[in-house]
Amino acid sequence: MELKDANPSSEIKSVAVIGLGFVGLPLSLLLFKKGFNVTGIDTNIDKVNSIINAKSYISDVDDKEIQEAVLSGKFYVSTDYNDLKNVQVIIVCVPTPITSEGDPDLSLLEETGKSLGNAIKAGQLVILESSTYPGTTSKILLPLLEKENFNVGKDFFLAYSPERIDPGNTFHTEDIPKIISGITKECMDRIFDLYSKVYSRVVTLSSTEAAEITKLLENSYRFINITFINQFAMLCDKLNISAKEVIDAASTKPFGFQPFYPGPGIGGHCIPVDPMYLSWISQKNGYNFDLLLLAKEINDNISNYILKKINDLSSEIKNKKILIYGITYKKDVADIRESIPIKIIESLINKNYEVSYHDPYISSIKLNDHFLQSTPLTVESISKATIVVILTDHSCIPLDTIVNHAKLLYDTRNITNKYYHKDNIYYFGGKSNE
């Protein structure tokens, strides 16, 4: 591994980004800000029209950012792969989910690769940024691009660089070290020339496989540790000890400990998915990554634990009206992909609870036959609820109002600890006042 300071040297001026989702759109705008002409490609016409009309569908992206880019004439969006013919670099940021069986689903990537195979021109650099298992770039994407007398490293160039965007995080994307790799040395040189102009640090790895598995390691590490701390919180429930107090105390050690905090389960598109990619490639190579499978089993059951606690707290109340605060998979983002709060709401509705929710980022949701709109968070709506449950700890949560007017409050995020003296508050991984 080599860590290089930025040292731009090439004349790359035009870049295309395929996939304008939570990764592709912010990346496109970053490239625009760095002075590149950017072409955004997405098969979703609604996203393309939204960008043309300067309307953001991502919480981390402001309408004004899109408007500035579009009006400049240097950011163009389309659904047509023919618009790739005049760009020098093509960056692929399409989703790579898992199937219901937990296997990699590379169908979107393969479709993109086939389309690129028909559109790619001599001299272009293709960069894959989607999270995936080691071997995808060289064994899945490369064969879709390489043809007779059209060879990688000579006629076109192929590289891999894992995205490291963390929605809701205050880090500036360009300040996060950028991992890069290439199929050949010339491919590596080309991607370095581009990303050294965009990111303050560029880290080169020896192979695309090493770069691909690096991303899986990062998110598997978080997945295992969050799962561990959630199970630790269950033990603290039994012992009537505050998990947060203990974690904060352990965090005072200046070495050897990194704090993770409990919650109702791990959601989103990355952290629950990437470990399954790592487990899948392990099994394909005759090795069972047992720890990942056990962590998944435990994480899948955490929501059941939360549901049982809600049921126990409200068991003696006839009219069970539950108000949920926060339904996104993490704080301060407008993203409900693989959201654990959504799954908990579905289960509560199936158990005939009367459920309402408030989330400042999600105005409405449709769950099978049920359509719910975000309820205004007022003294009246809080006091009418049998129990208020905090599932997502958005920064704007009005804690004083909730604590002072809720009949019962179940805090799964341990953000109301300063109100421990209140006997109407119960915690996941916290003292219960019982």
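The figures here come from the full heavy-atom set of this structure, side chains too, leaving out hydrogens, waters and symmetry mates. Along the sequence shown, residues are numbered consecutively beginning with 1. Bear in mind that the values here come from a model prediction, so they are computed numbers and not experimental data.
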Look up atom CG in D359 and atom CD1 in I327, then write down how far apart they are to the nearest 0.5 Å. 5.0 Å
Using modelled atom types only, decide if a donor and an acceptor are shared between the side chain of D63 and the backbone of S56 within a distance under 3.5 Å. yes
For P259 and S251, which heavy atoms make the closest approach, and how far apart are they? CB-OG, 3.2 Å
Could you measure the distance from the NZ atom of K244 to the OG1 atom of T416? Nearest 0.5 Å is fine. 10.5 Å
Taking C-beta and beyond as the side chain, do Y76 and V38 meet within less than 4.5 Å on heavy atoms? no
Kindly indicate whether the side chain of K284, heavy atoms from C-beta on, has any atom under 4.5 Å from the side chain of Y133. no
Tightest non-hydrogen contact, residues C93 and V23, listed as SG-CG1, 4.0 Å
Is there a side chain to side chain donor-acceptor pair (under 3.5 Å) between T39 and D83 once you walk through the steps? CA-CA 8 Å; T39 299; D83 290 322; over 6 Å; no
Using salt bridge (charged side-chain N to carboxylate O under 4.0 Å, His left out), reason through K384 and E380 one step at a time and then give a plain yes or no. CA-CA 6 Å; K384 279 186 176 180; E380 182 181 10; 3.1 Å; yes
Would a distance-only check, ignoring hydrogens and angles, find a side-chain to backbone donor-acceptor pair under 3.5 Å from S59 to A334? yes
Matching residue for V92 among V17, T137, L109, I127 - test: side chain to side chain contact (heavy atoms under 4.5 Å, CB included): L109
Answer whether the closest heavy-atom distance between the side chains of T132 and L106 falls below 4.5 Å. yes
Classify the ring geometry of Y221 against F260: parallel below 30°, tilted from 30° to 60°, perpendicular beyond 60°. perpendicular
Using modelled atom types and a 3.5 Å cut-off, is there a donor and acceptor pairing between side-chain atoms of D103 and backbone atoms of W280? no
Taking the six-membered ring for Trp, are H394 and Y361 ring centroids under 6.0 Å apart? yes
Derivation and outcome, salt bridge (charged side-chain N to carboxylate O under 4.0 Å, His left out), residues K197 and D193: CA-CA 7 Å; K197 291 181 176 180; D193 282 345; over 6 Å; no
How many angstroms lie between CE in M234 and CG in N301, if you round to the nearest 0.5 Å? 7.5 Å
Assess whether salt bridge (charged side-chain N to carboxylate O under 4.0 Å, His left out) is satisfied between K33 and E174, documenting all intermediate values. CA-CA 11 Å; K33 291 175 183 176; E174 60 265 42; over 6 Å; no
When rounded to the nearest 0.5 Å, the distance separating CG of L278 from CG of L216 is 5.5 Å
For the student: nearest non-hydrogen atoms of Y329 and V333, plus distance: CE2-CG2, 4.2 Å
Are any of the side-chain heavy atoms of I66 and L29 separated by less than 4.5 Å? yes
Please assess S339 against T328 for the test side chain to side chain contact (heavy atoms under 4.5 Å, CB included), listing each intermediate value before the final yes or no. CA-CA 6 Å; S339 166; T328 60; 5.9 Å; no
Examine the side chains of D80 and S78 and answer whether a donor and an acceptor come within less than 3.5 Å of each other. no
Shortest non-hydrogen contact between S28 and F75, atoms and distance: CB-CE1, 3.9 Å
Spell out, as yes or no, whether a donor-acceptor pair under 3.5 Å connects the side chain of R164 to the backbone of P177. yes
Side chains of S363 and Q373 in contact at under 4.5 Å (non-hydrogen atoms): no
Any P97 side-chain heavy atom under 4.5 Å of H269 side chain: yes
Is a side-chain donor-acceptor pair under 3.5 Å present for D105 with T99? no
Side chain E110, main chain I140, donor-acceptor under 3.5 Å: no
Between Y305 and F428, does the ring centre distance come in under 6.0 Å? yes
Distance-only polar pair, side chains of S282 and S279, donor-acceptor under 3.5 Å: no
Is the shortest side-chain heavy-atom distance between M188 and T204 below 4.5 Å? yes
Taking the six-membered ring of Y195 as reference, does the NZ or CZ atom of R190 fall below 6.0 Å from its centre and within a 45° cone about the axis? no
Got a donor-acceptor contact below 3.5 angstrom from the N311 side chain to the L307 backbone? no
Taking the side chain as C-beta and beyond, is there a heavy-atom pair between Y261 and I229 under 4.5 Å? no
In this structure, NZ of K330 is separated from CD1 of I340 (nearest 0.5 Å) by 14.5 Å
Distance alone, cut at 3.5 Å: any donor-acceptor contact between the side chains of K215 and S131? yes
Applying side chain to side chain contact (heavy atoms under 4.5 Å, CB included) to I180 and V203, what does each step give before you reach the verdict? CA-CA 6 Å; I180 64 169; V203 182; over 6 Å; no
Enter the distance from I179:CD1 to T214:OG1 here, rounded to the nearest 0.5 Å. 5.0 Å
Could you report the tightest heavy-atom contact between T386 and K407, atom names first, then the distance? O-CB, 3.9 Å
Check whether the side chains of K178 and S161 place a donor and an acceptor atom closer than 3.5 Å, and report yes or no. yes
Heavy-atom closest contact (I98 atom, M276 atom, distance): CD1-CG, 3.9 Å
